There are 2 protein chains.
Amino acid sequence: MADKRFRDSSGKSLDDYPRPSVAVDTALLTVDPDRGLMVLEVKRDNTSGWGLPGTFLHPNERLADAVRRSLLHKAGVSGVEPHQWRVFDEPDRDDRGWVLSVAHWAVVPTERLASRLATQTRLVPVGSPGRLIYDHRLIIDAAVNHVRDCYRSEPDPEGLLDETFTMRELRLLHDTVLEHQLDRDWFRREMKAKLEATGTMSVGTRGRPAELFRRRSTPPRASRSS
Amino acid sequence: MADKRFRDSSGKSLDDYPRPSVAVDTALLTVDPDRGLMVLEVKRDNTSGWGLPGTFLHPNERLADAVRRSLLHKAGVSGVEPHQWRVFDEPDRDDRGWVLSVAHWAVVPTERLASRLATQTRLVPVGSPGRLIYDHRLIIDAAVNHVRDCYRSEPDPEGLLDETFTMRELRLLHDTVLEHQLDRDWFRREMKAKLEATGTMSVGTRGRPAELFRRRSTPPRASRSS
DNA sequence: CAAATAGTGTCTCTGAGACACTATCCG
DNA sequence: CGGATAGTGTCTCAGAGACACTATTTG
C-alpha cells in the first residue's frame, strides 16, 4: 500500500484531506431455546429508546477490538468473536458530522450474557427489535441471515454448544436457529460426517443414551477466554 | 445512530479522538475470452512496481464514488458498479500513518477498458498478478471468488454481455469465468428459466441460428452496496 | 410395562447428468 | 453434401426424504 500513489492529480497527499470519524456497531445475537434468535440492545445515553452497541474507533485500534470493547463496556459481555459485515457511508447518516460506521455481527451462548448489565441492556427477539434507526435494522437482518446460512450446512459453526453434545442437542439448536423442524434422519446423516465421535455416551438423559460428538478439530475459536 | 451514545466512560465524544485516513482499493476485473479473468493494475507513482487502483476518500464522498473516481482518474475507466468487500484495519499496514482501506471489486466488459491509459495501466491474469502487497492479493482473490460464485448459478449477473445474446455466448462466458467446460444440456435447462426469450434469432452465426435471450428485467443494477 | 429417544436399514421418487436424435444454418 | 451448432426428448443412477424397525434407557 504505502507510498505516494494516493496523491491525486492536484498533488494533494494524506494530510491534506479532512478525515471521517469511524465507528463500529454490532448486532450481538444469542439463542433462546424458547424464543429463538435474540438480539442485544443497549439503552442510549441522553435519549429515550434503544440501539445496537457501538463505539468510536480509538487511535490505532483494530475494528474487532473496538467491537469487543464496546460490548464489554456497554453491555458487560465478553468472549465475542466479531464478524465484519459492511461500511455504512451515507454522509449525513449521523447528525454529529461525517461518521462512517463499520457494521459487525456476532453470536454468543446465552451464558455469556448472564453478566450483562440488566438495566442498561435488553434482549429482544430479532423479529421485533423495536424502533431502531435504519442502519441498525439492516445490521440485525444481515446478522440473522448470516447465522442462518452458517447453520444450514455446518454443525454449530459459532460454537454455541459445549465441547461435546448429542445429535439431539445439536438438532434442537439448529431447529431454533432456522425456525423450522429439520428431518431427524437427514440431519444425522448430514452432520455425522462433519463431526468427530467421542465414543462416550450421554448419561441421565431420557430414552436410550446417545453418543456424544464434538466439532471437527478446528482450534476451537481463539480468544474465547474471559 | 446520532446522539451522544458514543461518548465513552470517560466522557469523551466525537471530536476528542484522532481519526484514521480512509482509502478505497479496487480489484477491477474483466474477462478475456482467451486468457480468462484479468485484473487491472496501475503503475505506482514514485515507485517501481504495480498495484491496485485506489484513492483517499474525499470529504463527504460516498465510498462507491471514490472507487469510480479512482478508476476514472488513474485508469481512464468508467461505467463501473463497485461492490464493497471488507475493511483492512491493521494499524501499521501503511507506513504513512493510520490508514483504513475499504476493499472493493468490480467487473466490466473488456470494451470499457479500451479507453484505458495504456502506459499507466496493465491487464494481467488473476492467477499471476505479479508482486503485490499482501492486501492487494487478498482483494484480487476475493474478487475472483465472488465473481465465480455469482456465475455459478445466475446468467451473467455482472452484465458482461450485450443486452441480448445466445445460449452459446452465455455458456462460453461462464466457461471462461469458471475455468471449466459446463455441460451444454444442463446449462440450457438451468439458465433458460432465468432468462427472457426475445423470439428473435441470431443471424450470420455458424450452424443453425439460435434464439436470442435477455436478462430478466431487473432494473439493470441500481447502486448496490455490499 | 409404557413412553421416549437412539441408531440403522430400506424404499421411493426426483432431478442432475449423459446421451441421442432431429433441425437448420454456412460454405 | 459435410461440418457445425441449436433444440428437444429420453435413460440412468445417486441422493434426499420418508418410513420402518430394533435397541436401550427412565419413570
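We name chains A, B, ... by the order of the sequence lines, and we start the count at 1 in each one. Model, not experiment: these values are computed from the prediction.
- An OP1 or OP2 oxygen of D/dT8 is reached within less than 4.0 angstrom by a side-chain nitrogen or oxygen of B/Lys192.
- Of the residues in residues 162-177 of chain A, those lying under 4.0 Å from DNA chain C by heavy-atom distance are A/Arg168.
- In this structure the side chain of A/Thr30 never reaches within 4.5 angstrom of the side chain of A/Val107, judged on heavy atoms.
- Residues A/His146 and A/Trp105 meet the side-chain proximity criterion, which asks for heavy atoms closer than 4.5 Å.
- If one axis is set at each end of the helix from C/dC1-D/dG27 to C/dG27-D/dC1 from five pairs, those axes are 10° apart, to 10°.
- More than 12 heavy atoms of other residues, nucleotides or ligands sit less than 6.0 Å from atom CD of A/Glu196.
- Among pairs with a residue in residues 169-205 of chain A, those fulfilling ring pair (Phe, Tyr, Trp, His ring centres under 6.0 Å) read A/Tyr151-A/His174, A/His174-A/Phe187, at least two apart in sequence or across chains.
- Side chains of B/Trp85 and B/Ile139 form a contact here, defined as non-hydrogen atoms less than 4.5 Å apart.
- The separation between A/Arg206 atom CZ and C/dT5 atom C1' is 9 Å, rounded to whole Å.
- Side chains of A/Gln84 and A/Leu63 form a contact here, defined as non-hydrogen atoms less than 4.5 Å apart.
- Using modelled atom types, one finds no donor on one side chain facing an acceptor on the other under 3.5 Å when comparing A/Thr198 with A/Thr164.
- Rounded to whole Å, atom C1' of C/dA6 lies 12 Å from atom CG of A/Leu212.
- At a threshold of 4.5 Å between non-hydrogen side-chain atoms, the residues A/Val144 and A/Asp141 do not count as touching.
- Distance, B/Met191 CE to C/dA16 P: 13 Å, rounded to whole Å.
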Strictly under 4.0 angstrom, non-hydrogen atoms only: write out the protein contact profile of nucleotides 9-22 of chain D, one letter per nucleotide from the 5' end, B, S or -.
--------BBBB--

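- Applying the 6.0 Å contact sphere to CD of B/Gln181 captures no more than 12 heavy atoms from other residues, nucleotides or ligands.
- Defined by atom type and a distance below 3.5 Å, a donor-acceptor pair is present between the side-chain atoms of A/Glu158 and A/His83.
- Judged as a side-chain contact (heavy atoms from CB on, under 4.5 Å), and not counting sequence neighbours, the contacts of B/Lys194 are B/Ser153, B/Glu154, B/Pro155, B/Glu190.
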Starting from the C-alpha separation in whole Å, work towards a yes-or-no answer on side-chain hydrogen bond (donor to acceptor under 3.5 Å, both in side chains) for B/Arg112 and B/Ser78.
CA-CA 7 Å; B/Arg112 283 280 157 83; B/Ser78 63; 5.3 Å; no

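- Using a 4.0 Å cut-off between charged nitrogen and carboxylate oxygen, B/Arg188 and B/Asp185 do not count as a salt-bridge pair.
- For residues 196-204 of chain A, proximity to DNA chain D is found at no residue, defined as any non-hydrogen atom under 4.0 angstrom from a strand atom.
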